[in-house]
Amino acid sequence: MAPQRRGAPKGPEGCGAAERGRPNSTKGVRAPRDVRRKWLRVAVLGACTTLAGLLLWGRLGADEDGIAEVLAGRSEVLPGRFIEVPCSEDYDSQRRFEGCTPRKCGRGVSDAVITRDEARRIRSIAEKGLSLGGSDGGASILDLHSGALSVGKHFVNLYRYFGDKIQNIFSEEDFRLYRNVRQKVQLAIAQAFGISASSLHLTKPTFFSRINSTAARTAHDEYWHAHVDKVTYGSFDYTSLLYLSDYQDDFGGGRFVFMEEGANRTVEPRAGRVSFFTSGSENLHRVEKVHWGTRYAVTIAFTCNPDHGIADPALTPPGGPSAQPR
C-alpha cells in the first residue's frame, strides 16, 4: 500500500521544512521545487540589484578616484548648462580688470555653440597638422599660434621646420574657420559670465591635442595629473575646450573631470561640445587616461590682460611654449 500523503507542518519554507513534513518517498518531488523557488528569488533579487547598479552608474558614472557625477553625458544635446561655484583667491594676487576679471566663477557646457559639421572640419585641421609629426607617447600637441608640434619626444616649430610645405598642408579657409570658431567660443564665455566679449583676449597656449592609449614616454605625455590652469598658465582667466570626437564611439576613457571633495563632476566629450570654466583653483581638474581609440580636442584660453593676448594664427609665425592636453 502506498503511504498516505500528510499535510506539511507549518513552518519556514525550504528544503529542510519539506524534509520534515513529508515521508521519504515524496521528498524528491517537493525538494527540487523548493530549490527552484529559492533560486528564482535569488535570481530576481540579483537582477533588481544589477538594474539599480546600472541606473546609478548611468546617473553618476564611475571615476578612478571614486564617485563621479556626470555633468554632461555623451548622449545629451545641451543648449547650455551652467554651475556657479565660489571664486578662489587666485585672482586677488594679480592685476584686476574691471568687467572681466572673474567675480562670478563657475563652469558651463554647451552643444549649441559649434555644430558637429564645424567640429568635423576643425578636426581635419588637427589631423593634417599632426600627420606631420606626433609624440612617441600618448599625447600629441599642435599649436597653430606658436607653431609648436610634437615630434617624437620633442617639439619643433612646424612653420620653420617644414617651411613652404605648410602651404600644401593648410589652407586660408582652415585659418578662417579656426578664427570663426574661436570667436563663437569667446562670445559664449562672455555671455555665460556676464562680461564684454571685447574684454577677453586670446592667450597662450591655445592648441589642439590628440590623445591615444600609447604609454607615456616623457612628462609631456602625462596629461592625466590634476592641475589648476591659473597656476600652470598664469595668464589664463577663462579656459575652454572644444571636443572634436565622441566618448565611447571614438575612444574610451578620456573624460574631463572637475575634482571636488566627495564627488567629482565629469564632462563626456562629444564632437562640437564646448566646455568652459574660470581658470582658478575653484576648477581643479584632470583628464582620465584614454584606454582605447583616439581623442581630439582644442583648448582655447582667454585672459583679461591685453599684455598677455596673442593674435589669431596665420600661415607665417614665431615660436612659443609647449602645452598640456585636456
Side-chain angles (χ1 to χ4, degrees), residues 61 63 68-85 102 104-116 118-120 122-123 126 139 178 181-193 195 197 200 202-203 205-211 223-224 226-230 232-233 236-251 253-260 263-288 290 295-303 323-326:
D63 182 64
E69 179 181 338
V70 176
L71 174 61
R74 174 187 65 97
S75 60
E76 296 180 274
V77 180
L78 300 173
R81 180 170 291 167
F82 186 84
I83 295 177
E84 189 168 351
V85 298
K104 171 186 176 182
C105 293
R107 56 196 69 146
V109 184
S110 177
D111 296 313
V113 177
I114 305 300
T115 68
R116 285 177 70 83
E118 286 174 319
R120 177 188 58 78
I122 283 284
R123 173 172 165 167
Y178 184 91
V181 164
R182 185 272 301 164
Q183 290 171 343
K184 288 183 178 182
V185 172
Q186 183 171 344
L187 182 59
I189 291 174
Q191 291 174 338
F193 290 99
I195 58 180
L200 291 173
L202 195 64
T203 193
T206 283
F207 57 93
F208 289 101
S209 60
R210 182 185 70 193
I211 308 176
Y223 55 83
W224 53 83
H227 64 281
V228 172
D229 285 350
K230 192 126 192 87
T232 307
Y233 312 113
F236 282 30
D237 288 309
Y238 299 90
T239 306
S240 70
L241 296 314
L242 167 58
Y243 296 109
L244 305 177
S245 49
D246 293 324
Y247 170 65
Q248 290 186 336
D249 284 341
D250 299 313
F251 61 92
R255 296 182 303 173
F256 186 94
V257 183
F258 289 107
M259 302 184 69
E260 297 180 351
N264 297 331
R265 295 174 183 265
T266 67
V267 175
E268 297 178 347
R270 182 179 189 276
R273 170 165 289 170
V274 177
S275 174
F276 55 89
F277 50 93
T278 45
S279 305
S281 300
E282 68 278 1
N283 283 312
L284 174 69
H285 59 273
R286 68 181 184 87
V287 174
E288 294 175 332
V290 170
R295 177 190 188 273
Y296 283 91
V298 55
T299 296
I300 306 173
F302 297 94
T303 182
Q324 182 177 11
R326 61 198 55 235

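- Here Thr115 contributes atom OG1 and Arg120 contributes atom CZ; the two are 9.0 Å apart, rounded to the nearest 0.5 Å.
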Tyr223 and Val290: side-chain contact (heavy atoms from CB on, under 4.5 Å), yes or no, with the steps? CA-CA 10 Å; Tyr223 55 83; Val290 170; 3.8 Å; yes
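- For the atom pair OG1 (Thr239) and CG (Asn283), the distance works out to 8.5 Å, reported to the nearest 0.5 Å.
- Inter-residue side-chain proximity for Tyr238 and Cys105 is flagged as unmet; no heavy-atom pair is nearer than 4.5 Å.
- Between the side chain of Glu84 and the main chain of Gly106, no donor-acceptor pair closer than 3.5 Å is present.
- Summarising the geometry, atom CZ belonging to Phe276 is positioned 7.0 Å from atom CD1 belonging to Ile189; distances are rounded to the nearest 0.5 Å.
- Taking the side chain as every heavy atom from C-beta outward, Glu69 and Glu260 never approach each other to under 4.5 Å.
- If you take CD1 on Ile83 and CG on Leu71, they are separated by 4.5 Å, rounding to the nearest 0.5 Å.
- In terms of modelled atom types and a separation under 3.5 Å, the side chain of Asp237 and the main chain of Thr303 share no donor-acceptor contact.
- Ile300 and Ser240 get closest at one heavy-atom pair: O-OG, 2.7 Å.
- In this structure the side chain of Tyr247 never reaches within 4.5 angstrom of the side chain of Phe256, judged on heavy atoms.
- Smallest separation of non-hydrogen atoms from Ser281 and Val228: N-CG1, 3.5 Å.
- Here the shortest heavy-atom pairing between Val287 and Gly254 reads CG1-O, 4.0 Å.
- A salt bridge links Arg116 to Asp246: at least one charged side-chain nitrogen sits closer than 4.0 Å to a carboxylate oxygen.
- Contact record, Ser245 with Arg295: OG-CA, 3.5 Å, taken as the closest heavy-atom pair.
- The shortest non-hydrogen separation linking Arg273 to Ala72 is NH1-O, 3.4 Å.
- Between Phe193 and Phe82, the ring center distance clears the sub-6.0 Å criterion.
- Atom OG in Ser209 sits 8.0 Å away from atom CG in Leu244 (nearest 0.5 Å).
- Here the CD-CG distance, from Gln186 to Leu200, works out to 5.5 Å after rounding to the nearest 0.5 Å.
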Given Glu118 and Lys184, is the side-chain contact (heavy atoms from CB on, under 4.5 Å) satisfied, shown in steps? CA-CA 11 Å; Glu118 286 174 319; Lys184 288 183 178 182; 2.6 Å; yes
Run Phe302 and Thr203 through side-chain contact (heavy atoms from CB on, under 4.5 Å) and show every step you take. CA-CA 5 Å; Phe302 297 94; Thr203 193; 5.6 Å; no
Would Tyr243 and Arg270 satisfy side-chain contact (heavy atoms from CB on, under 4.5 Å), going step by step from the backbone distance to the final call? CA-CA 6 Å; Tyr243 296 109; Arg270 182 179 189 276; 5.9 Å; no
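- Between Val181 and Gln183 there is no side-chain heavy-atom pair separated by less than 4.5 Å.
- Nearest heavy atoms, Thr278 versus Lys104: CG2-O, 3.9 Å.
- Using a 4.5 Å heavy-atom threshold, the side chains of Arg107 and His285 count as separate.
- Ring centers of Phe258 and Phe277: under 6.0 Å apart, within the cut-off.
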